[in-house]
Structures are given as C-alpha cells and as structure tokens.
A.B. asks: 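Could you have a look at this structure, given as structure tokens, before my questions?
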Amino acid sequence: MTEHAGSKSRHRRHPGIGSTATVNGDLSGEHGDLKVTAQDECLRVIDTYYGTYTVCGIGEVSSSSAVCQQGDSGGPAYHSSGSNVYAIGTIEADDNGGKNCYFEGVAYATRHANLTLVHS
C-alpha cells in the first residue's frame, strides 16, 4: 500500500510525464510502453517487512494490468529511444494491484547516496 506524501524535489527528471518507460521486476518480468504518470514525488510506503517509510525522487508508471508486485523492488526502470536505453530508476513499490509501479529516480538516488552512474 502506498500514499502520496507530496512533491519535494524541484528538478525535473527524464522521461517526463506522458512519455513511456519500461520496468523489469524479478517476479513480474519486463513490461514496456508504460505511461509515466508522475515524477519527483515523495511516497509513503507501508511494507509488512520494513514498516512505514518515506522515499523521495519517485516516478510512477501506470497500466491497465499488473506490471509489478512485491518482490520486484530493485529491478530496473528505463526509457528507450531508438537504439539508446536510459536508466531512469529502480522499482521501489507498487499499488492498485500492481497497476501502479513506483520507481526511485536514478538521478535522485545517485545524488542522495553520493554515487555516480557509470555507462559504456
């Protein structure tokens, strides 16, 4: 179960709202061409194992069918453009029977943890 806790970030991440993304969870598998419906939110997550916590820098993709579930956390979220693939985050949570899949944006996560994304 998730609750929106309001937006905290002032910087927009890509892809923007209305563009498409793909999520690939360990249990749910790869689901592409999903509409990005939110970016840069803070999300209150209620988890049976970890308890309740808030995570910011969250994006959301939505679908008419389930695209992620408990156990998919940490899987990649990415955007494709032609032959290029761009990391946009990692799966954090789901809601609405898996029809809403939330990902922590890679730009927020790397800045928050003082990391650098390396690509080739």
Side-chain angles (χ1 to χ4, degrees):
M1 171 188 262
T2 56
E3 297 175 14
H4 297 276
S7 179
K8 301 275 186 200
S9 179
R10 293 174 294 203
H11 303 287
R12 188 169 176 194
R13 311 282 183 258
H14 295 286
I17 294 171
S19 55
T20 59
T22 299
V23 293
N24 191 347
D26 190 43
L27 298 178
S28 297
E30 186 176 47
H31 297 275
D33 204 29
L34 304 171
K35 182 179 265 191
V36 176
T37 53
Q39 282 284 23
D40 295 333
E41 294 183 333
C42 287
L43 186 69
R44 183 172 172 234
V45 178
I46 303 167
D47 184 277
T48 55
Y49 184 77
Y50 293 107
T52 301
Y53 59 94
T54 300
V55 63
C56 293
I58 292 290
E60 176 184 357
V61 292
S62 297
S63 177
S64 58
S65 59
V67 294
C68 66
Q69 62 182 304
Q70 191 171 19
D72 286 342
S73 295
Y78 53 93
H79 172 74
S80 299
S81 179
S83 62
N84 297 314
V85 177
Y86 303 94
I88 60 172
T90 57
I91 298 171
E92 181 69 29
D94 73 281
D95 200 8
N96 192 22
K99 295 177 184 177
N100 299 69
C101 190
Y102 301 97
F103 59 89
E104 184 173 17
V106 71
Y108 181 87
T110 54
R111 184 177 67 243
H112 179 72
N114 197 27
L115 299 172
T116 302
L117 179 64
V118 178
H119 54 85
S120 57

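Position 1 is the first residue of the sequence, and the numbers go up from there. Remember, predicted model here, so these are calculated numbers, not experimental data.
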A.B. asks: What is the distance from atom CD1 of I17 to atom CD of Q39, rounded to the nearest 0.5 Å?
C.D. replies: 6.5 Å
A.B. asks: Could you check if a side-chain atom of Q70 sits within less than 4.5 angstrom of a side-chain atom of T48, using non-hydrogen atoms only?
C.D. replies: yes
A.B. asks: From C68 SG over to N24 CG, what is the distance, rounded to the nearest 0.5 angstrom?
C.D. replies: 11.5 Å
A.B. asks: Ignoring hydrogens, what is the shortest heavy-atom contact between I88 and A21? Give both atom names and the distance.
C.D. replies: CD1-CB, 3.7 Å
A.B. asks: Is a side-chain N or O of N96 found less than 3.5 angstrom from the main chain of K99, in a donor-acceptor match?
C.D. replies: no
A.B. asks: So does N84 have more than 12 non-hydrogen atoms from other groups sitting under 6.0 Å from CG?
C.D. replies: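 Count over threshold, so yes.
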A.B. asks: Under a 4.5 Å side-chain heavy-atom rule over Ile, Leu, Val, Met, Phe, Trp and Tyr, are V106 and Y78 clustered together?
C.D. replies: no
A.B. asks: Can any side-chain N or O of S73 pair as donor or acceptor with the backbone N or O of E92 at less than 3.5 Å?
C.D. replies: yes
A.B. asks: Could you check whether any side-chain heavy atom of E104 comes within less than 4.5 Å of a side-chain heavy atom of L43, counting everything from C-beta outward?
C.D. replies: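 No - every pair of side-chain heavy atoms lies 4.5 Å or more apart.
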A.B. asks: Should Y50 and L27 be regarded as members of a common hydrophobic cluster, given that ILVMFWY residues are connected when their side-chain heavy atoms come within less than 4.5 Å of each other, either directly or indirectly?
C.D. replies: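 Per the 4.5 Å side-chain linkage, Y50 and L27 are not co-clustered.
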A.B. asks: So which atom in A77 and which in V23 form the shortest heavy-atom distance, rounded to 0.1 Å?
C.D. replies: CB-CG1, 4.1 Å
A.B. asks: Identify, with sequence neighbours excluded, every residue that meets side chain to side chain donor-acceptor pair (under 3.5 Å) alongside D72.
C.D. replies: S28
A.B. asks: What distance separates D26 CG from Q69 CD, expressed to the nearest 0.5 Å?
C.D. replies: 9.5 Å
A.B. asks: Quickly, which of V67, D95, L34 forms a side chain to side chain contact (heavy atoms under 4.5 Å, CB included) with C101? Name it, please.
C.D. replies: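 Testing C101 for a side chain to side chain contact (heavy atoms under 4.5 Å, CB included) against V67, D95, L34 leaves exactly one candidate, V67.
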A.B. asks: Which heavy atom of V45 sits nearest a heavy atom of A93, and at what distance?
C.D. replies: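 That would be CG2-CB, 4.2 Å.
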A.B. asks: To the nearest 0.5 Å, what is the distance between OH (Y53) and CZ (R44)?
C.D. replies: 12.0 Å
A.B. asks: Can you give me the closest heavy-atom contact between S81 and Y86, atom names plus distance?
C.D. replies: CB-CE1, 4.0 Å
A.B. asks: Nearest heavy-atom pair of G32 and T22: which atoms, and what distance?
C.D. replies: CA-OG1, 3.4 Å
A.B. asks: Minimum heavy-atom separation for Y102 to E41, with atom names?
C.D. replies: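 What the structure gives for the nearest pair is CE2-OE1, 4.5 Å.
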